[in-house]
Amino acid sequence: MCGIVGYIGPRQAFPILIKGLHRLEYRGYDSAGVALLNEHCELNVYKSKGKVADLEAVVQDKDSTGTVGIAHTRWATHGEPNQINAHPHVSASGDIALIHNNGIIENYAVLKQSLQANGYVFKSSTDTEVLVQLIDYILRKDKSDLLTAVQLALDRWSVLMP
Ligand code: GLU
């Protein structure tokens with residue numbers, strides 16, 4: 001059983017996110033990751049196979065500043081447990097980081113094919129990366145806001161179909 005932690009507020013997000021991930025460890029997981037938005041609005045994503053402590057080691061000498069962040073402990077369903085398949089997954093634009101918990105995107109294969117036909121290149125073997133690239137595609141195509149793009153991605157997967 002995987003887990004998600006999110007934080008937005010006045011404090012530094014990373015220590016809060018890590019504390020939250022440690023509290024979720026009892027549920028079981030195979031990898032962990034975090035996405036942080038720093039004060040320059042740069043998105044930093046760090047991931048690790050193994051324990052939350054392994055993730056902390058990865059981040060130790062990196063920029064872990066920012067008051068907005070999301071974090072995840074993964075239980076793999078699509079793609080082996082490794083660093084590349086760990087969440088968060090980032091959109092082609094580099095603007096969106098996405099975590100997906102306890103779920104399977106049943107039609108991910110057909111969505112992936114359609115996105116590939118539209119020029120998207122996938123880094124991971126997960127179903128989750130398909131969702132973040134679909135949101136990215138809708139944002140570009142419809143020039144919609146993020147909330148609308150997420151709603152469309154979840155409701156109208158056929159947007160990519162001819
Ligand atoms: N389908 C997702 C994956 O394999 C599930 C991740 C999870 O629930 O932790 O990455």
Side-chain angles (χ1 to χ4, degrees), residues 1-8 13-37 43-59 62 64 66 68-139 146-147 149-161:
M1 277 271 276
C2 41
I4 292 179
V5 186
Y7 178 80
I8 180 167
F14 184 68
I16 295 167
L17 297 173
I18 287 295
K19 192 173 173 185
L21 289 186
H22 278 301
R23 289 174 71 172
L24 292 170
E25 282 191 291
Y26 75 95
R27 293 155 63 100
Y29 64 103
D30 53 57
S31 53
V34 61
L36 297 156
L37 199 60
L43 186 63
N44 289 309
V45 177
Y46 307 112
K47 313 198 252 190
S48 173
K49 184 181 173 183
K51 296 294 174 191
V52 175
D54 298 314
L55 175 65
E56 289 178 273
V58 166
V59 178
K62 310 267 184 3
S64 63
V68 181
I70 53 174
H72 185 249
T73 48
R74 178 178 185 233
W75 186 289
T77 64
H78 290 64
E80 65 177 285
N82 62 26
Q83 189 260 340
I84 290 172
N85 289 334
H87 302 204
H89 292 284
V90 177
S91 63
S93 63
D95 293 340
I96 309 165
L98 185 135
I99 281 169
H100 163 223
N101 201 41
N102 261 1
I104 293 169
I105 299 164
E106 299 281 358
N107 58 344
Y108 86 99
V110 68
L111 289 173
K112 189 170 184 173
Q113 277 178 355
S114 298
L115 287 161
Q116 284 169 327
N118 280 277
Y120 282 82
V121 176
F122 287 81
K123 292 182 182 152
S124 80
S125 318
T126 64
D127 51 345
T128 305
E129 191 185 2
V130 172
L131 182 56
V132 76
Q133 304 303 8
L134 179 59
I135 293 166
D136 184 271
Y137 174 83
I138 293 169
L139 272 173
L146 180 60
L147 176 61
V150 171
Q151 289 169 335
L152 286 171
L154 295 177
D155 290 346
R156 274 181 36 201
W157 66 270
S158 61
V159 69
L160 283 177
M161 298 297 124

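The chain is numbered in sequence order, starting from 1. Read the numbers this way: they start at 1 and go in the same order the structure lists the ligands and their atoms.
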* Is a donor on one side and an acceptor on the other found under 3.5 Å between the side chain of N107 and the backbone of V110? -> no
* Asked: So which heavy atom in the protein is nearest atom 8 (O) of ligand 1, and how far is it from that ligand atom?
  -> N102 N, 2.7 Å
* Could you find the nearest protein heavy atom to atom 7 (C) of ligand 1 and give me its residue, atom name and distance? => C2 SG, 3.3 Å
With respect to [X], determine whether any N or O atom, backbone or side chain, lies less than 3.5 Å from an N or O atom of ligand 1.
X: H78; answer: yes
X: N85; answer: no
X: N101; answer: no

* **Among V5, V59, V52, the one residue meeting side chain to side chain contact (heavy atoms under 4.5 Å, CB included) with I18** =>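 That would be V52; it is the only one of V5, V59, V52 passing the side chain to side chain contact (heavy atoms under 4.5 Å, CB included) with I18.
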* Asked: So H100 and E129, side chain to side chain donor-acceptor pair (under 3.5 Å) or not? Walk me through it.
  -> CA-CA 9 Å; H100 163 223; E129 191 185 2; over 6 Å; no
* Structure fact -> Short version for D127: what comes under 4.0 Å of ligand 1, heavy atoms counted, is side chain
* To do: Quick one: list whatever passes side chain to side chain donor-acceptor pair (under 3.5 Å) with N44, sequence neighbours left out.
  =>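 Listed in chain order: D63.
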* Structure fact -> Closest to atom 4 (O) of ligand 1 by heavy-atom distance, out of I99, D30, I4, T77, is T77
* Structure fact -> A student comparing Y108, W75, Y29 should find that the heavy atom closest to atom 6 (C) of ligand 1 comes from W75
* Mind telling me whether Y108 and H78 have parallel, tilted or perpendicular rings, with 30° and 60° as the class edges? => perpendicular
* Would you verify whether the NZ or CZ of K51 falls within 45 degrees of the ring axis of Y29 while also being under 6.0 Å from that six-membered ring's centre? =>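 That pair qualifies as a cation-pi contact.
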* To do: Please verify whether a non-hydrogen atom of I104 lies at under 4.0 Å from ligand 1.
  =>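 Under 4.0 Å: no for I104.
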* Asked: Taking C-beta and beyond as the side chain, do T126 and R74 meet within less than 4.5 Å on heavy atoms?
  ->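 Yes. Closest side-chain heavy atoms under 4.5 Å.
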* To do: Within a distance under 4.0 Å of any heavy atom of T128, pick out the atoms of ligand 1 and give their elements.
  =>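 Contacts of ligand 1 toward T128, numbered from 1: 2 (C), 10 (O).
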* Structure fact -> One finds that the ligand 1 atoms under 4.0 Å from a non-hydrogen atom of H87 are 3 (C), 6 (C), 10 (O)
* To do: Give the minimum heavy-atom separation between L17 and A71, together with the two atoms involved.
  =>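 Here L17 and A71 meet closest at CB-CB, 3.9 Å.
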